[in-house]
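Encoded as structure tokens, the structure appears first; notes follow it.
Being a predicted model, the structure only gives us computed values, none of them experimental. As the structure lists them, so they are numbered: ligands from 1, and atoms in each ligand from 1. FYI, side chains are in, hydrogens and waters are out, and symmetry mates aren't considered; it's all heavy atoms of this structure.
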Amino acid sequence: MTRVLSGIQPTGDVHLGNYLGALRQWALDQHEHDSFYCAVDLHAITVQQNPEELRAKTLETMATLVAVGLDPEVCTLFVQSHVPYHTELSWLLECTVSFGELRRMTQFKDKSTKQGDGSQEHVSAGLFTYPALMAADILIYDADRVPVGDDQRQHLELTRDVADRFNSRYGETFVLPSAAIPQIAARVMDLQEPTNKMSKSAESALGAVGIFEDVESIAKKFKRAVTDSSNEVRFDFESKPGVSNLLSILGAATDRDPELLAEQYTQYGALKADAADAVISVLEPVQLRRSELLADPAELDRIIARGAQKACEVASVTVRRAKEAMGFLSPS
Ligand code: AMP
Ligand code: TRP
């Protein structure tokens, strides 16, 4: 059976981009694979976090994983820091990846220049070495497949390169993983600035749609979505980013092809209204499941504890294998 792993940072509010680009895919194919999904709290601290908020967000993210339809009886849901082997393997991989490779990561360049005075002087070293930890998250579960949005493509390529280098230096140790990026909505754009991806740190509150937002507010954001002045519905991200974003959101939410959908519309207003309705109908059951779950905290604690145990069982074996291959003396 194919082994799958992915992760989401427990920061900010989970938005429609996270859902259509990643979480929904995770839930759709959970029965076909042996899946591991985690809240990557160790990645969250690459930028400074408020401790109470991190704790609350981590719990909330775990509730979100269940709410989007991941069944804890079917897949392993866990908190990254509950499996200490990730940080152990991360060090071995930090010593395998090169400085030049890390320096070329666009996510590092973006995030480091957005912080402070833009000089990169005060960003954490962890923000720089982050891809080694992400590679460890993946390789430690012998994952074949990593379902992520388009923004993680470069990190996945690096993970493969690092695994390949490790294997050729020390012998076959790691499985080479592939990215599984959805065909539609792999990059959901901001509704107000459709040339920027929708993100947890959106400039305008109207640009990002939270998956737990009330439905009136979701409808309002779609109604106010930025389009353009030509009033022609066509799927073309280059010249019509706003309209194309709405078409791909509607396509992803209804499992239809955005190009074919474009032919059915002559007015932006109708497209916006249909996109809002489609999004609301996929999110309503998710919202309902989350409120049920938050009403039963003991159940969530049980899911988290069981996930940590299952994840540790797999991760400990891989780390032992990697350490032996690299030449560490086994403890007697
Ligand atoms: P993050 O919130 O950065 O931890 O991302 C969690 C998952 O959501 C990753 O697989 C990302 O690739 C995906 N993702 C984040 N933003 C978007 C977006 N705007 N469109 C599609 N996928 C996204
Ligand atoms: N870097 C990913 C993001 O920012 C989150 C992540 C961490 C991840 N470890 C992972 C995704 C392992 C997939 C597999 O979205």
Side-chain angles (χ1 to χ4, degrees), residues 3-27 35-47 57-58 60-61 64-65 68 78-81 83 86-87 89-90 93 105-108 110-111 126-127 129-160 162-163 177-202 207-211 237 241 244-245 248-249 251-253 279 311 315:
R3 177 66 69 69
V4 172
L5 173 118
S6 199
I8 179 165
Q9 299 205 42
T11 51
D13 292 324
V14 177
H15 55 73
L16 192 60
N18 297 129
Y19 182 68
L20 296 178
L23 299 172
R24 185 156 180 259
Q25 311 303 317
W26 303 358
S35 312
F36 288 73
Y37 291 111
C38 55
V40 290
D41 53 349
L42 295 166
H43 280 89
I45 61 161
T46 53
V47 298
K57 283 284 174 199
T58 304
E60 227 179 79
T61 303
T64 302
L65 295 184
V68 298
F78 66 100
V79 174
Q80 184 191 28
S81 66
V83 185
H86 288 235
T87 41
L89 182 59
S90 176
L93 299 180
M105 293 295 111
T106 52
Q107 184 171 305
F108 173 71
D110 284 355
K111 285 197 176 178
L127 188 69
T129 58
Y130 171 120
L133 178 60
M134 177 161 165
D137 300 339
I138 297 168
L139 300 178
I140 211 166
Y141 295 101
D142 290 329
D144 309 281
R145 187 182 145 89
V146 184
V148 281
D150 185 66
D151 60 344
Q152 298 302 313
R153 197 185 286 275
Q154 199 186 25
H155 289 156
L156 255 296
E157 279 163 14
L158 183 65
T159 301
R160 281 178 71 92
V162 169
S178 307
I181 295 171
Q183 304 259 322
I184 309 169
R187 198 172 182 81
V188 175
M189 307 309 273
D190 187 287
L191 295 182
Q192 290 297 312
E193 288 177 65
T195 48
N196 294 343
K197 73 169 182 183
M198 189 177 283
S199 85
K200 288 170 177 164
S201 53
V209 174
I211 68 172
F237 260 105
S244 303
N245 189 36
S248 56
I249 291 172
V279 164

- Task: State whether Glu60 and Lys57 are salt-bridged, where the test is any N-O pair (Lys NZ or Arg NE/NH1/NH2 against Asp/Glu carboxylate O) under 4.0 Å.
- Result: yes
- Query: Under 3.5 Å between some N or O of ligand 1 and some N or O of Gly149?
  - Reply: yes
- Numbering as shown, the atoms of ligand 2 that approach Ser6 to under 4.0 Å (heavy-atom distance): 11 (C), 13 (C), 14 (C)
- Message: Polar contacts were defined as any N/O atom of the residue lying under 3.5 Å from an N/O atom of the ligand; does this apply to Gln9 and ligand 1?
- Response: yes
- Can you find a heavy atom in the side chain of Ser178 that is under 4.5 Å from one in the side chain of Arg160? yes
- Numbered atoms and elements of ligand 1 in range of Ile8, under 4.0 angstrom, heavy atoms: 4 (O), 6 (C)
- Message: I'd like to know whether Asp137 forms a side chain to side chain contact (heavy atoms under 4.5 Å, CB included) with Gln80, so could you lay out the CA-CA distance, the side-chain angles of the two residues, the decisive distance to 0.1 Å, and finally the verdict.
- Response: CA-CA 8 Å; Asp137 300 339; Gln80 184 191 28; 2.9 Å; yes
- With backbone taken as N, CA, C and O and side chain as the heavy atoms from C-beta onward, which portion of Ile138 lies under 4.0 Å from ligand 2: side chain, backbone, both, or neither? side chain
- So, does His15 sit close enough to ligand 1 that a heavy atom of it is under 4.0 Å from the ligand? yes
- Message: Residue-level breakdown please: for Lys200 versus ligand 1, do any non-hydrogen atoms fall below 4.0 Å on the side chain, on the backbone, on both, or on neither?
- Response: side chain
- Any nitrogen or oxygen of Asn18, main chain or side chain, under 3.5 Å from a nitrogen or oxygen of ligand 1? yes
- Message: If we only consider heavy atoms of Ser199, is any one of them less than 4.0 Å away from an atom in ligand 1?
- Response: no
- Please lay out, stage by stage, how Gln107 and Gln152 fare under the test side chain to side chain contact (heavy atoms under 4.5 Å, CB included). CA-CA 9 Å; Gln107 184 171 305; Gln152 298 302 313; 3.1 Å; yes
- Message: Salt bridge check, Asp151 against Lys197: does any charged N sit closer than 4.0 Å to a carboxylate O?
- Response: yes
- For atom 20 (N) of ligand 1, the protein heavy atom that lies nearest, with its residue and separation: Val188 N, 2.8 Å
- Task: Specify the protein heavy atom at minimum distance from atom 9 (N) of ligand 2: its residue, its atom name, and the distance to 0.1 Å.
- Result: Asp137 OD2, 2.7 Å
- Apply side chain to side chain contact (heavy atoms under 4.5 Å, CB included) to Leu127 and Phe108, showing your working. CA-CA 7 Å; Leu127 188 69; Phe108 173 71; 4.0 Å; yes
- Task: Identify, by atom number and element, the atoms of ligand 2 in contact range of Leu5, meaning under 4.0 Å from any of its heavy atoms.
- Result: 12 (C), 14 (C)
- When rounded to the nearest 0.5 Å, the distance separating CG of Asn196 from CD of Glu193 is 5.0 Å
- Item | Heteroatom distance test (Gln9, ligand 2): nitrogen or oxygen, under 3.5 angstrom | yes
- Protein contact of atom 5 (C) of ligand 2 - nearest heavy atom, named by residue and atom, plus distance: Gly7 O, 3.8 Å
- Task: For ligand 1, indicate whether the residue Ala186 contacts it via side chain, backbone, both or neither (heavy-atom separation under 4.0 Å).
- Result: backbone
- Message: So, taking the atom named CG in Leu89 and the one named CD1 in Ile138, what distance separates them when rounded to the nearest 0.5 Å?
- Response: 11.0 Å
- Message: Below the 3.5 angstrom mark, is there an N/O of Met198, backbone or side chain, next to an N/O of ligand 1?
- Response: yes
- Query: Nearest 0.5 Å, what's the OH-CE distance between Tyr130 and Met105?
  - Reply: 12.0 Å
- Query: Is Gly17 close to ligand 1, meaning an N/O of one under 3.5 Å from an N/O of the other?
  - Reply: yes
- Message: Regarding ligand 1, does Gly21 bring an N or O atom to under 3.5 Å of one of the ligand's N or O atoms?
- Response: no
- Which residue holds the protein heavy atom closest to atom 12 (O) of ligand 1, what is that atom called, and what is the gap in Å? Asp151 OD1, 2.4 Å
- Note on the structure: closest protein heavy atom to atom 7 (C) of ligand 1 is Ala22 CB, 3.7 Å
- Message: Below the 3.5 angstrom mark, is there an N/O of Gln152, backbone or side chain, next to an N/O of ligand 1?
- Response: no
- If you measure from atom 6 (C) of ligand 2 to every heavy atom of Met134, Gln152, Gln80, which option wins on shortest distance? Met134
- Query: Where does Val148 meet ligand 2, judged by heavy-atom distances below 4.0 Å: at the side chain, the backbone, both, or neither?
  - Reply: side chain
- Proximity of His86 and Tyr141 rings by center, below 6.0 Å: yes
- Message: Regarding ligand 1, does Trp26 bring an N or O atom to under 3.5 Å of one of the ligand's N or O atoms?
- Response: no
- Message: Go through it in stages, so that I can follow the logic: the residues are Ile249 and Leu191, the test is side chain to side chain contact (heavy atoms under 4.5 Å, CB included), and I'd like the CA-CA distance, side-chain angles, deciding distance and then a yes or no.
- Response: CA-CA 11 Å; Ile249 291 172; Leu191 295 182; 4.1 Å; yes
- Query: Just checking, is any N or O donor in the side chain of Asp41 or Ser81 under 3.5 Å from an acceptor N or O on the other one?
  - Reply: yes
- Message: Would you compute the distance between atom CH2 of Trp26 and atom CD1 of Ile8 and round it to the nearest 0.5 angstrom?
- Response: 5.5 Å
- Query: Polar-atom distance check: Tyr130 versus ligand 2, any N or O pair below 3.5 Å?
  - Reply: yes
- Message: Against ligand 1, does Ser6 come closer than 4.0 Å with any heavy atom?
- Response: no
- State whether the side chain of Arg24 and the backbone N or O of Asn18 hold a donor-acceptor pair below 3.5 Å, judged by distance alone. no
- Separation between CD1 of Ile45 and OG1 of Thr11, rounded to the nearest 0.5 Å: 12.5 Å
- Query: Considering only heavy atoms of Ala185, which atoms of ligand 1 have at least one such atom less than 4.0 Å away?
  - Reply: 21 (C)
- For ligand 2, which part of Val146 has a heavy atom less than 4.0 Å away: the side chain, the backbone, both, or neither? side chain
- Kindly compute the distance separating NE2 (His43) from OG (Ser90), expressed to the nearest 0.5 Å. 7.5 Å
